[in-house]
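The structure under discussion appears below in the form of structure tokens.
The chains referred to below are lettered A, B, ... by the order of the sequence lines, with proteins before strands, and numbering in each begins at 1.
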Protein chains: 2
Amino acid sequence: MFDTSKLEKHGIKPSITRLKIYQYLLDNDHPSVDEIYQALKNDLPTLSKTTVYNVLNLFGEKDIVSTISLDSKELRYEMNQDLHSHFQCIKCGEIYDFPYVNVDYDLIHQKGFESLEHNLVIKGICKKCKAQNI
Amino acid sequence: MFDTSKLEKHGIKPSITRLKIYQYLLDNDHPSVDEIYQALKNDLPTLSKTTVYNVLNLFGEKDIVSTISLDSKELRYEMNQDLHSHFQCIKCGEIYDFPYVNVDYDLIHQKGFESLEHNLVIKGICKKCKAQNI
DNA sequence: GTCCTTGCAAAGCGTTTGCACAGAA
DNA sequence: TTCTGTGCAAACGCTTTGCAAGGAC
């Protein structure tokens, strides 16, 4: 059912809780802590939000998830470690991955700054909401 | 001393608190609520953070400030309403404005999405920190 | 007198910390 | 036994809300 090797490869001892959260992250990109908690608490009746935080922070230390803060409210978690951009729908709030966009750092370097990375978030209306004309 | 017309132009009745906060935003870009509060509480001894929030939210409703959430911890406030990008120093946390960078929305539109705007945040080391080699 | 700015106190919400219990090794 | 995964309770930090007092007009 679960592939424990992926976690072990990153130095994480598998447990049912960790495997379920890992699987949830595979199936659902950019979830919030609460979303994960609500989705798994039926399967794991004693699950607590603290444990979700514990596991996600552990995954973060082991570099299998990273966080995105789009609205200053809650963090979102993702496993996609490739360079990419984000699109957030202003209607439904859903987040989508889009290809990386190169940014010309010339001006920044000319001004004596050193640039390491950039985060691009595009806001708009997603395909689903456009279709439903919400 | 203070130019009350800028506030009145936006339908905001001037008060000493509002003028001081307005002036602080003119002089210091991207401050946090706490920074504004700490900076002004000597001048305005009875100032409370609630009032800073009240005033900033009022300014937001009247479209003279907007918020940026870079680190999911605290909001930053800015009056620069022109299109621009942000650079945040990973050493000192300081935020700098940089010219707007165009992004090609073609692929997004091809996929049936409608894009309205984008936020670009570049992370790196600012000129000051590079000089000090912190 | 009425309206509204101000600010204390408390609540709200996402996240972290302290800690203890139980299960794994 | 020792280690560690889990989860309750509390703390924490930022922000909002309730509300009342005092000032502006």
*hydrophobic_cluster_shared for A:I90 and B:Y105, side chain cutoff 4.5 Å*: no

*Answer yes or no: does a side-chain N or O of A:T50 lie under 4.0 Å from OP1 or OP2 of D:dT6?*
no

*Round to the nearest Å and state the distance from A:L58 atom CG to D:dT6 atom P.*
9 Å

*Whole-Å gap separating P (C:dG14) and OH (A:Y53)*: 7 Å

_Students often get this wrong, so: under 4.0 angstrom with heavy atoms, is B:K73 touching a base, only sugar-phosphate, or nothing?_
sugar-phosphate

*asked:* Quick one about A:Q23 and A:D27 (side-chain donor to acceptor, distance below 3.5 Å, no hydrogens or angles considered), yes or no?
replied: yes

*To the nearest Å, give me how far apart CG (A:N57) and P (D:dT6) are.*
13 Å

*Counting side-chain heavy atoms from CB outward, which of D:dG7, C:dT15, D:dT15 is closest to A:T51?*
D:dG7

*Just checking A:S15: base, sugar-phosphate only, or nothing, at a heavy-atom cut-off of under 4.0 Å?*
sugar-phosphate

*Whole-Å gap separating C1' (D:dT6) and NZ (A:K41)*: 17 Å

*Base, sugar-phosphate, or nothing for A:T46, non-hydrogen atoms under 4.0 angstrom?*
sugar-phosphate

_Nucleotide nearest A:V33 (side chain, heavy atoms from C-beta), chosen from C:dT5, C:dT15, D:dT15_ = C:dT15

*Please work out if B:D34 contacts a base, only the sugar-phosphate, or nothing of the nucleic acid, heavy-atom cut-off 4.0 Å.*
nothing

_Among D:dT15, C:dC8, D:dG7, the one nearest B:S48 by side-chain distance_ = C:dC8

*Specify the separation, in whole Å, of atom CD1 of B:I16 and atom P of D:dA24.*
12 Å

*How many Å lie between NZ on A:K13 and C1' on D:dT2, as a whole number?*
11 Å

*For the pair made of CG in A:L47 and P in D:dG7, what is the distance, rounded to whole Å?*
6 Å

_Cluster link B:I16 to B:F59, ILVMFWY, side chain under 4.5 Å_ = yes

*May I ask you to decide if the ring planes of B:Y100 and B:H118 are parallel, tilted or perpendicular, using 30° and 60° as cut-offs?*
parallel

_Spacing of A:D71 atom CG relative to D:dT16 atom P, expressed in whole Å_ = 13 Å

*If we ignore angles and hydrogens, is there a donor and acceptor under 3.5 Å between the side chains of B:D97 and B:H30?*
yes

*B:V55 side chain: which of C:dT6, D:dG7, D:dT17 is closest?*
C:dT6

*Residue B:T17, side-chain atoms from C-beta onward, closest of D:dT6, D:dT4, C:dT6*: C:dT6

